[in-house]
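Every chain is numbered from 1 and lettered A, B, ... according to where its sequence line falls, protein lines coming before strand lines.
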Protein chains: 2
Amino acid sequence: MNLPMDDIDRKILRAIQRDSARSMQDLGDLVGLSASACHRRLKSLEEKGYIAGYRAMLDRVRLGLSMQFFIEVSLVSQSDTTLEAFEKAVKTIPEVLECHLMAGQSDYILRVVCEDATAFERLHRDLVARLPGIARVHSNMSIREVKSFGGLPV
Amino acid sequence: MNLPMDDIDRKILRAIQRDSARSMQDLGDLVGLSASACHRRLKSLEEKGYIAGYRAMLDRVRLGLSMQFFIEVSLVSQSDTTLEAFEKAVKTIPEVLECHLMAGQSDYILRVVCEDATAFERLHRDLVARLPGIARVHSNMSIREVKSFGGLPV
DNA sequence: GAAAACATGCGCATCGGTGTACCGAGAGAA
DNA sequence: TTCTCTCGGTACACCGATGCGCATGTTTTC
């Protein structure tokens, strides 16, 4: 069940994390297998839990969400209740795409997106107002994505 | 061509960025359309460029990549040649999932993954050795993903 | 070393989903 | 009103996904 993963399995994972819309025939050709054999491998990988799901990647800029920030947040305390209250609140804000509890000087790192500077000002006020226990906020704007998600190194 | 996007289109985008493996029938039921009408809408959204692609999301931890870092990098200079050399090198390192050119005190933020502490030590040395022009490196480890990617707010 | 048990790939058959053609309803303009 | 344009529904053809049987190769066991 665990990790008898060979080079073909890795090839399949590499291929579908870049493009999952391929047909089994194409995927099989790519990894050197017939469509049905490839299909069996893929189903097995799904059952074993290597594949968390399938998603459409939307074009952020095309949708008008041209700005992206990494916001570092420190809280006034590290007590469980403070963390839990913050985390519960952060999940309700749709502009926050990700939130990581961090080891280091900041407690959390948030990835947020918004339309423009005006929207960011509003969002920033909104965050500070709605997220409890905030001590310090540092916003870092992404100017350009030098390397965007190319997939895990499998 | 541009933005005559109505509520149904947004519903479709919201649905497929969470799960793109649904059948047209299911997707249609979800947004209140027949399968064919829904299919037409989706193709139109693809043609208009709102959908960048389809991807399988792999289970990072299941694949043994249990550690995730946000690494802040400052360079010795901001000249074009320095930036270009750094960016070219960063693209060749598979553990670097993302690299953002930033506005703020750090020049770049990298998202990297690795197996364990030993692998991180190796990776850290590797980064410093292979990336040219580095002045300062700050590694921040993600302890837990409070909110993982739930999709753009469309 | 032989044979059984297992793994893995291929080809084929079947079935469901995708994609298309056609029709009708509703909105807007002349 | 009438023409037209847009958009959704229905019906259907066909392609691709899914499951199965068979062949081949490999490992284990006696």
Side-chain angles (χ1 to χ4, degrees), chain A residues 1-59 62-65 149-154, chain B residues 1-65 149-154:
Chain A
M1 162 76 186
N2 238 334
L3 270 164
M5 188 173 317
D6 60 13
D7 197 53
I8 294 183
D9 285 328
R10 275 186 286 272
K11 267 190 185 175
I12 292 175
L13 292 180
R14 272 197 293 273
I16 63 172
Q17 78 174 336
R18 292 195 170 276
D19 178 11
S20 65
R22 261 183 280 256
S23 75
M24 275 305 149
Q25 187 60 55
D26 288 354
L27 188 58
D29 291 348
L30 204 65
V31 304
L33 243 55
S34 74
S36 73
C38 186
H39 177 255
R40 200 177 319 152
R41 291 264 196 164
L42 183 58
K43 285 299 155 198
S44 167
L45 289 168
E46 285 177 0
E47 278 162 19
K48 288 171 185 163
Y50 292 110
I51 298 169
Y54 296 91
R55 293 204 176 144
M57 309 306 294
L58 305 188
D59 190 315
R62 186 76 179 80
L63 286 162
L65 300 164
F149 187 73
L152 296 174
V154 288
Chain B
M1 162 76 187
N2 239 333
L3 269 164
M5 188 173 318
D6 61 13
D7 197 53
I8 294 183
D9 285 328
R10 273 185 288 271
K11 267 190 186 175
I12 292 174
L13 292 180
R14 272 198 295 270
I16 63 171
Q17 79 173 335
R18 291 195 169 276
D19 178 11
S20 65
R22 260 184 280 257
S23 74
M24 277 302 149
Q25 186 62 55
D26 289 354
L27 188 58
D29 291 349
L30 204 67
V31 305
L33 243 53
S34 73
S36 73
C38 187
H39 177 255
R40 234 181 340 246
R41 291 261 197 167
L42 183 57
K43 286 299 153 197
S44 167
L45 289 168
E46 285 176 0
E47 278 162 20
K48 287 171 184 162
Y50 292 109
I51 299 169
Y54 296 91
R55 294 206 175 142
M57 308 306 294
L58 305 189
D59 190 316
R60 180 171 58 80
V61 177
R62 186 73 179 78
L63 286 162
L65 300 164
F149 187 74
L152 296 173
V154 288

Nearest whole Å is fine: how far is D:dA17 P from A:Asp26 CG?
9 Å

Write down the atom of A:Glu46, the atom of A:Ile51, and the distance for their closest heavy-atom approach.
CG-CD1, 3.7 Å

Are B:Leu45 and B:Ile16 side-chain neighbours, meaning at least one heavy-atom pair lies under 4.5 Å?
no

Rounded to whole Å, please give me the gap between CG in A:Asp6 and P in D:dG25.
18 Å

Heavy-atom count around A:Arg18 CZ within 6.0 Å, excluding the residue itself: above 12?
no

In whole angstroms, the gap separating P of D:dC12 from CD of B:Gln25 amounts to 16 Å

So what does A:Arg41 hit on the nucleic acid, given a heavy-atom distance under 4.0 Å: a base, only sugar-phosphate, or nothing?
sugar-phosphate

Check every nucleotide of DNA chain C for an atom under 4.0 Å from a heavy-atom of chain A, then give the first and the last such nucleotide from 5' to 3'.
C:dG9 to C:dG11

Look at the side chain of B:Ser34 and the base of D:dT10, then say whether one donor and one acceptor between them are separated by less than 3.5 Å.
no

Does the pair A:Asp29/A:Arg22 count as a salt bridge with the N-to-O cut at 4.0 Å?
no

NA contact type, A:Ser23, heavy-atom cut-off 4.0 Å: base, sugar-phosphate, or nothing?
sugar-phosphate

Here the distance between atom P of D:dG16 and atom CG of A:Asp29, to the nearest Å, is 12 Å

How long is the gap from CD on A:Gln17 to CD1 on A:Ile12, to the nearest 0.5 Å?
13.0 Å

Any side-chain heavy atom of B:Pro153 within less than 4.5 Å of one from A:Leu65?
yes

Distance, rounded to the nearest Å, where B:Asp7 contributes CG and D:dG8 contributes P
13 Å

Could you check how far CZ of A:Arg40 sits from P of D:dT18, rounded to whole Å?
13 Å

